J.: 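Mind having a look at this structure? Questions to follow.
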Amino acid sequence: MKYRQEKVSISTEFIKLDSLLKFAGVAETGGIGKELIAEGRVKVNGETCLMRGKKLRSGDKVELDELELELVLE
């Protein structure tokens with residue numbers, strides 16, 4: 001499977017998973033982001049993550065369908 005990779009710049013120490021999905025434009029609303037996570041469609045650093053409040057830091061990678069987001073600190 002070929003992934004489309006994007007870097008997402010954050011200016012804080014961490015961002016929560018559901019907030020990242022909305023911030024990156026992957027989910028239109030926080031509610032949609034919460035559903036994607038609850039359905040088990042989101043992976044963090046290669047492992048399925050069901051915690052919408054998971055704290056993500058620079059260097060973490062989030063996968064959803066064919067998209068991979070990599071966090072970088074501004």
Side-chain angles (χ1 to χ4, degrees):
M1 180 182 286
K2 181 96 169 137
Y3 280 104
R4 182 173 56 115
Q5 297 178 316
E6 292 181 17
K7 293 198 183 296
V8 178
S9 294
I10 58 171
S11 57
T12 55
E13 180 189 347
F14 66 86
I15 186 170
K16 291 184 179 178
L17 181 56
D18 58 350
S19 300
L20 171 71
L21 295 178
K22 185 176 175 188
F23 177 72
V26 176
E28 288 181 30
T29 66
I32 292 172
K34 191 163 66 171
E35 285 177 27
L36 294 171
I37 296 163
E39 291 169 0
R41 293 176 55 193
V42 179
K43 289 184 176 183
V44 175
N45 298 324
E47 295 190 14
T48 300
C49 183
L50 300 174
M51 298 181 300
R52 65 187 181 100
K54 171 115 176 115
K55 292 179 180 177
L56 304 172
R57 292 175 167 76
S58 181
D60 283 339
K61 293 183 179 177
V62 175
E63 298 169 39
L64 173 66
D65 300 330
E66 283 105 44
L67 176 65
E68 180 182 271
L69 303 172
E70 181 178 353
L71 269 71
V72 291
L73 194 59
E74 277 184 356

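Every value quoted in this text rests on a predicted model; they were computed, and no experiment measured them.
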J.: Hey, what do you get for CG (Leu73) to OG (Ser11), rounding to the nearest 0.5 Å?
T.: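 The CG atom of Leu73 sits 8.0 Å away from the OG atom of Ser11.
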
J.: Over all heavy atoms of both residues, which pair between Lys16 and Gly53 is shortest? Give the atoms and the distance, please.
T.: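 Of all heavy-atom pairs spanning Lys16 and Gly53, the closest is CG-O, 3.7 Å.
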
J.: Which distance, rounded to the nearest 0.5 Å, do you find between the CD of Glu63 and the CD of Glu47?
T.: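 Rounded to the nearest 0.5 Å, the CD-CD separation comes to 11.0 Å.
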
J.: What is the minimum heavy-atom distance between Lys22 and Gly30, and which atoms define it?
T.: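 Shortest heavy-atom contact: CD-N, 3.8 Å.
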
J.: CG/Leu36 to CZ/Arg52 distance, rounded to the nearest 0.5 angstrom?
T.: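 Output value for this atom pair is 13.0 Å.
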
J.: So, do Ile37 and Leu21 sit near enough that their side-chain heavy atoms are less than 4.5 Å apart?
T.: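 Yes, their side chains come closer than 4.5 Å.
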
J.: Write down the atom of Ala27, the atom of Gly33, and the distance for their closest heavy-atom approach.
T.: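 So the minimum-distance heavy-atom pair works out to CB-N, 3.6 Å.
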
J.: Is there a path of hydrophobic side-chain contacts, each under 4.5 Å between heavy atoms of I/L/V/M/F/W/Y residues, joining Leu67 to Ile32?
T.: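 As far as the 4.5 Å side-chain criterion goes, Leu67 and Ile32 are connected within one cluster.
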
J.: To check you understand the geometry: which heavy-atom pair defines the closest contact between Val62 and Val44, and what is its length?
T.: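 What the structure gives for the nearest pair is CG2-CG2, 4.4 Å.
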
J.: Hey, what do you get for NZ (Lys54) to CG (Leu20), rounding to the nearest 0.5 Å?
T.: 12.5 Å

J.: Using a 4.5 Å cut-off on heavy atoms from C-beta on, say whether the side chain of Glu13 contacts that of Arg57.
T.: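 Side-chain contact under 4.5 Å: yes.
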
J.: Taking side chain as C-beta onward, heavy atoms only, is Val42 less than 4.5 Å from Thr48?
T.: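 No. Closest side-chain heavy atoms not under 4.5 Å.
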
J.: How many angstroms lie between CG in Leu17 and NZ in Lys34, if you round to the nearest 0.5 Å?
T.: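 If we round to the nearest 0.5 Å, Leu17:CG and Lys34:NZ are 13.0 Å apart.
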
J.: Any carboxylate oxygen within less than 4.0 angstrom of a Lys/Arg side-chain nitrogen, looking at Glu6 and Arg4?
T.: yes

J.: Which heavy atom in Ala38 sits nearest to a heavy atom in Leu50, and how many Å separate them?
T.: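 For Ala38 and Leu50, the tightest heavy-atom pair comes out as O-CD2, 4.0 Å.
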
J.: For Glu28, look at atom CD and say whether over 12 heavy atoms of other residues, nucleotides or ligands are found less than 6.0 Å away.
T.: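 Result for CD/Glu28: open.
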
J.: Same hydrophobic cluster for Val72 and Ile15, using side-chain heavy-atom links shorter than 4.5 Å among ILVMFWY?
T.: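 In one cluster: no.
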
J.: Search all heavy atoms of Ala24 against all heavy atoms of Leu69 and return the closest pair with its distance.
T.: CB-CD1, 3.9 Å

J.: Rounded to the nearest 0.5 Å, what separates atom NZ in Lys43 from atom CD in Glu68?
T.: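 Separation between the atoms: 11.0 Å.
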
J.: Given the rule that I, L, V, M, F, W and Y join up when any side-chain heavy atoms are under 4.5 Å apart, are Leu71 and Phe14 in one cluster?
T.: no

